[in-house]
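Labels below follow one simple rule: chain letters A, B, ... track the order of the sequence lines, proteins then strands, and each chain is numbered from 1.
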Amino acid sequence: MKTKDHKKPSKIQELTYELKVEQVMCKNVTTLKPDNTMNDVRRILRNKKISGIPVIDDDRLVGIVSIEDFLICLLEGGGINEKVENKMTKNVVTVYSDDHIVQLVGKFDRDGYGRFPVVDRDTKKLVGIITKGDIIEGLLKKLEIDYHEEEIHTYRASHIFEDVISDNSILIFKYRIKGGDFKTAGEQTSKLRKNLLRLGFLPETIRRVAIAAFEAEMNIVIYTPEGELVAKIHPEKVTINAIDSGPGIPDVKKAMRQGYSTAPDWVRELGFGAGMGLPNIKNYSDEMTLESKVNEGTNLNFVIYTKKNED
Amino acid sequence: MKIRDIVKKLGLKVISGEEFLEREVTGGYAGDLLSDVLANSKKGNMWVTLQIHQNIIAVAISKELSGIIIVNGRKPEEGTLKKAKEEKMPVMISNLLTYEVAGRLYEIGIR
Amino acid sequence: MKLNQIIQILDAEILCNVKDESNVNITMACGADLMSDVLAFIKSEALLLTGLTTPQVVYTAENSGVNVVCFVRGKKPSRETVDLAKEKKIVLLATKSPMFESCGKLSKNGLIGCSEVSKQ
């Protein structure tokens, strides 16, 4: 195992071949003109906290002036009113924006420069500047993104419907909900949402299911002693059944009206119970039915079709 | 600024208290939690809210607010409207949301 | 509008910043204390301004695709709410400005509201 791992290029090595200069370079470049003075250099280096400034004449890169150039200018007795064109480094080593990072790694050590101006391969115009710091930052960011994507990939279960053989496969998730518990209200929908992400449903479908399920969960928490959410996942639709053990809704028609609510004041102070819950479930779902018996309980059912089918 | 000017500038629909639009508005307050409005709104404030429950009238009266703007085009419950009329409380409706209504009031100088 | 500009305008405190999100672009905002209303009209990726600080605010943000929540009128959430936001990778801010003033200031600086964004 060990020798095999040793031969395999590291993730970072791979990334240096993958990432291009333009993906990590700094694009907002401060530049100077040849007839600017070393005083301008001092001001920019200090204010922008950078270490080198490209010098541009007529859209053409003609030099670069760095902290070293500034110090040498002072040591040689030159004043701060000296023109940049007399003190800058003229034979500038540049890199192309479509170069791969790996091509630069050696360059930094070999040439002893801290930064390279980046030019476009065709137009030869300056498009950015790159330092070792930019490369490290770029690599770290890419590593983080890749790691995140890998994590989702590892857990991805979207192939499950293809893996199991039947005429019609349905996944069922059950979630128990405790009435009155505002500390954890919302948690069960959150778990369901995560499963839908893993199953590879589209974000818009997940958003609709999550919002409607969250409202159903809140209703059980607010009004009932206990209940459960049963989510049935088909490849083409999600159906949710929210069942509770009472007290039931005396007037279902009224309860469906926007703004109608029987919630006590303390619930309103928690930001719920303003009569928008059931209308929300209706709006976000494709089909909805509500049955309720006083003293027995409520059975809410809604269906959301996944977008995949329409495409 | 008078309520009348605000109604005109924001294109609000007045549903109660038409005869009290000369009242002066001293500032604005936005909120949907009644306890918060009770605690923090100031006399003469124009109150911007999503709530349509009849308790809003009692809150507005007890804090001597100048009026209520209900947002998102929501129609108040019957009891709310009845109480508003009894209590001489101007109630207006805007089709915009709280963020936009507060933004516009702020823009015309209500602070 | 960049998130750090919003933080500056509201003089907001950062309660939970998952990654460094200060450069994130926020295109619209919404202010409400009632979560069902937020769920009814907020759009994905909007900034949510609210005076409610319960864990349900975080769930509301998660379910509706909101990445940044700012608590107004100096209200601070409980530890549980902040921990939940960290887990759900939602940025939490807090400002002393009341809701009215927060909406007013951001609006004046050009951040539009959810109902002003045309439906895609």
Legend entry - Taking every non-hydrogen atom, the tightest pair across C:Asp33 and B:Gly31: OD2-CA, 3.4 Å
Inset, instruction - Taking all non-hydrogen atoms of both residues into account, name the closest pair between B:Ile110 and C:Phe100 and its distance. - result: O-CE2, 3.5 Å
How long is the span from the [atom1] atom in [X] to the [atom2] atom in [Y], to the nearest 0.5 Å?
{"X": "B:Thr49", "Y": "C:Leu34", "atom1": "OG1", "atom2": "CG", "answer": "7.0 Å"}
{"X": "C:Cys103", "Y": "B:Glu100", "atom1": "SG", "atom2": "CD", "answer": "8.5 Å"}
{"X": "C:Met99", "Y": "B:Asp32", "atom1": "CE", "atom2": "CG", "answer": "6.5 Å"}

Inset, instruction - Kindly indicate whether the side chain of B:Tyr29, heavy atoms from C-beta on, has any atom under 4.5 Å from the side chain of C:Arg73. - result: yes
Inset, instruction - Report yes if some heavy atom in the side chain of C:Phe41 is under 4.5 Å from a heavy atom in the side chain of B:Leu50; otherwise report no. - result: yes
Legend entry - Salt-bridge present (C:Lys105, B:Glu107; N to O < 4.0 Å): no
Inset, instruction - Answer yes or no: is there a donor N or O on one side and an acceptor on the other, between the side chain of B:Tyr99 and the main chain of C:Ser102, under 3.5 Å? - result: no
Inset, instruction - Counting only heavy atoms closer than 4.5 Å, note whether B:Arg74 contacts chain C via side chain, backbone, both or neither. - result: side chain
Inset, instruction - Please flag which part of C:Leu49 lies under 4.5 Å from any non-hydrogen atom of chain B: side chain, backbone, both or neither. - result: side chain
Inset, instruction - Could you please spell out the steps behind the side chain to side chain contact (heavy atoms under 4.5 Å, CB included) verdict for B:Arg111 and C:Glu101? - result: CA-CA 7 Å; B:Arg111 295 291 145 96; C:Glu101 196 184 318; over 6 Å; no
Inset, instruction - Can you spot which of B:Leu97, B:Val71, B:Asn72 makes a side chain to side chain contact (heavy atoms under 4.5 Å, CB included) with C:Ser115? - result: B:Leu97
Check this for me: [X], atom [atom1], are more than 12 non-hydrogen atoms of other residues, nucleotides or ligands nearer than 6.0 Å?
{"X": "C:Gln8", "atom1": "CD", "value": "no"}
{"X": "B:Lys8", "atom1": "NZ", "value": "no"}
{"X": "B:Glu78", "atom1": "CD", "value": "no"}
{"X": "C:Glu45", "atom1": "CD", "value": "no"}

